[in-house]
Amino acid sequence: MQESRLFRIVYYLLDKGKATAPELAEKFEVSVRTIYRDIDVISGMGIPVYAVQGKGGGIALLDDFVLDKSLLSGQEKEQILMALQGIAATEQNYANELLIKLGSLFRLKTTSWIEVDFSGWVKNNSGQDVFNLIKRAIFSRNRICFQYFGSNRERTKRRVEPLRLVFKSKDWYLYGYCLTRHDYRFFKLTRIRDIEIQTDVCSHEIPSTYSVEKSIDMENTIAVKLKFDKKMAFRVYDEFAETVTEDAQGNLYVQTNLPGNDALYSYLFSFAEYAEVLEPESIREQVKEKLAAMRKKYVT
């Protein structure tokens, strides 16, 4: 137990740069006296750790200290390589080279276990290009500007401080501070066009109230009850999983929350005649009106 805590203290100091003894004691749920004993043990292992007393002081490692690879267990080395495989799936250039170097350093054979393809079935590189530009801007802390097609059917020019790339369900999103709307927003990458990196430096950080679920999933949704023909079972179970119920005839029923805008009707119509809205009645009426408008285009 102590050995595990010693290494975790070293990793923590490598990450934070410096920490006080009370901070470490709270982090690892031990007494301050125990932390000082641990520091003595770490120093005895040859790791250059030191403590500075007084205001602004704390416990730190020498700036040029590099963690010896022998301090990592075999499982930890494998986990590092697996994580790097995930990075390599979205970074086509430098990550693969780093993966080879670490594999040689750890004397472990790397296994390719993940692949990410940003393009659709109609091949193009625009998705990968947008992802790479945003990633570069996040690391360099530069603002970006782009044209954005919102779900309200409007095309707007946005200036954004990019903070994070988020993969949720089936889509990539940019999370950042929108200087146009003066608020934190999510932007779907497939709706971004004409993106440019600017020289202005970002001034905002990720807020403590950050939540993917509340900002993406729960925004502008409506509760619906749907009925599907059994011919659509392959899609229904793919998209709704354990929320599906079935009647004696094989018809499928789902109660869920879906986007309460035009995306709802686009989604429902993708099932053609094999889906029916049971509730709420207001959505049923909207479907009837849209079907009538569609029919006019095809009736001569």
Side-chain angles (χ1 to χ4, degrees), residues 118-124 126-127 130 146-158 160 166-175 178 180-181 183-195 211-300:
F118 286 91
S119 61
W121 294 112
V122 179
K123 292 294 182 181
N124 64 77
S126 60
V130 170
F146 51 82
Q147 298 286 335
Y148 190 68
F149 295 85
S151 57
N152 58 0
R153 308 179 191 177
E154 292 184 357
R155 174 175 177 167
T156 56
K157 185 173 183 179
R158 302 295 185 98
V160 174
V166 178
F167 187 80
K168 177 68 175 174
S169 184
K170 301 175 183 177
D171 299 295
W172 281 100
Y173 295 84
L174 160 67
Y175 178 73
C178 180
T180 308
R181 297 289 188 261
D183 196 7
Y184 291 93
R185 297 290 175 89
F186 281 91
F187 301 92
K188 203 171 184 178
L189 262 59
T190 52
R191 299 179 184 173
I192 292 176
R193 294 292 183 273
D194 305 325
I195 183 171
S211 171
V212 177
E213 286 74 16
K214 291 182 180 179
S215 298
I216 294 179
D217 286 344
M218 302 309 294
E219 186 176 2
N220 300 320
T221 61
I222 187 168
V224 294
K225 184 176 181 180
L226 307 173
K227 177 183 178 181
F228 297 94
D229 188 282
K230 58 186 177 182
K231 293 179 180 178
M232 287 290 107
F234 71 98
R235 272 193 66 182
V236 174
Y237 281 109
D238 263 354
E239 298 173 23
F240 299 104
E242 68 278 358
T243 62
V244 181
T245 59
E246 187 174 340
D247 65 17
Q249 289 73 43
N251 296 309
L252 306 172
Y253 298 85
V254 171
Q255 295 190 60
T256 187
N257 289 301
L258 292 175
N261 49 37
D262 284 350
L264 170 62
Y265 303 102
S266 298
Y267 179 74
L268 292 174
F269 292 152
S270 71
F271 289 93
E273 71 271 25
Y274 300 111
E276 178 186 358
V277 178
L278 300 179
E279 297 175 5
E281 186 62 31
S282 59
I283 299 298
R284 284 181 62 87
E285 292 301 317
Q286 283 289 319
V287 170
K288 291 177 185 178
E289 291 177 12
K290 290 180 180 296
L291 287 173
M294 292 169 62
R295 186 174 182 276
K296 288 181 181 180
K297 296 181 181 295
Y298 297 96
V299 175
T300 56

Please examine the side chains of Leu268 and Val287, heavy atoms only from C-beta on, and report whether any two atoms are closer than 4.5 Å. yes
According to ring pair (Phe, Tyr, Trp, His ring centres under 6.0 Å), who are the partners of Tyr265, at least two apart in sequence or on a separate chain? none
Enter the distance from Glu154:CD to Tyr148:OH here, rounded to the nearest 0.5 Å. 12.5 Å
Kindly determine whether Arg158 and Leu174 satisfy side chain to side chain contact (heavy atoms under 4.5 Å, CB included), including the steps that lead there. CA-CA 12 Å; Arg158 302 295 185 98; Leu174 160 67; over 6 Å; no
Do Val254 and Leu252 touch side chain to side chain, with heavy atoms closer than 4.5 Å? no
Gap separating the CZ atom of Phe149 from the OG1 atom of Thr190, nearest 0.5 angstrom: 11.0 Å
Look at the rings of Tyr184 and Tyr175 and say which category their plane angle falls in: under 30° parallel, 30 to 60° tilted, over 60° perpendicular. parallel
Could you list the donor-acceptor pairs under 3.5 angstrom formed between side-chain atoms of residues 225-237 and any protein atom two or more places apart in sequence or on another chain?
| unit_1 | atom_1 | unit_2 | atom_2 | d |
| --- | --- | --- | --- | --- |
| Asp229 | OD1 | Lys231 | N | 2.8 |
| Arg235 | NE | Glu239 | OE2 | 3.0 |
| Arg235 | NH1 | Ser270 | O | 3.4 |
| Arg235 | NH1 | Ser270 | OG | 3.2 |
| Arg235 | NH2 | Glu239 | OE2 | 3.4 |
| Arg235 | NH2 | Ser270 | OG | 3.2 |
| Tyr237 | OH | Glu246 | OE1 | 3.4 |

Heavy-atom nearest pair, Thr243 first then Phe240, reads OG1-O, 2.7 Å
For the student: nearest non-hydrogen atoms of Phe146 and Ile195, plus distance: CB-CA, 3.8 Å
Would you be so kind as to tabulate the donor-acceptor pairs closer than 3.5 Å made by side chains of residues 271-282, with sequence neighbours excluded?
| unit_1 | atom_1 | unit_2 | atom_2 | d |
| --- | --- | --- | --- | --- |
| Glu276 | OE2 | Arg284 | NH1 | 3.1 |

How many angstroms lie between atom CD1 of Ile222 and atom OG1 of Thr256, to the nearest 0.5 angstrom? 12.0 Å
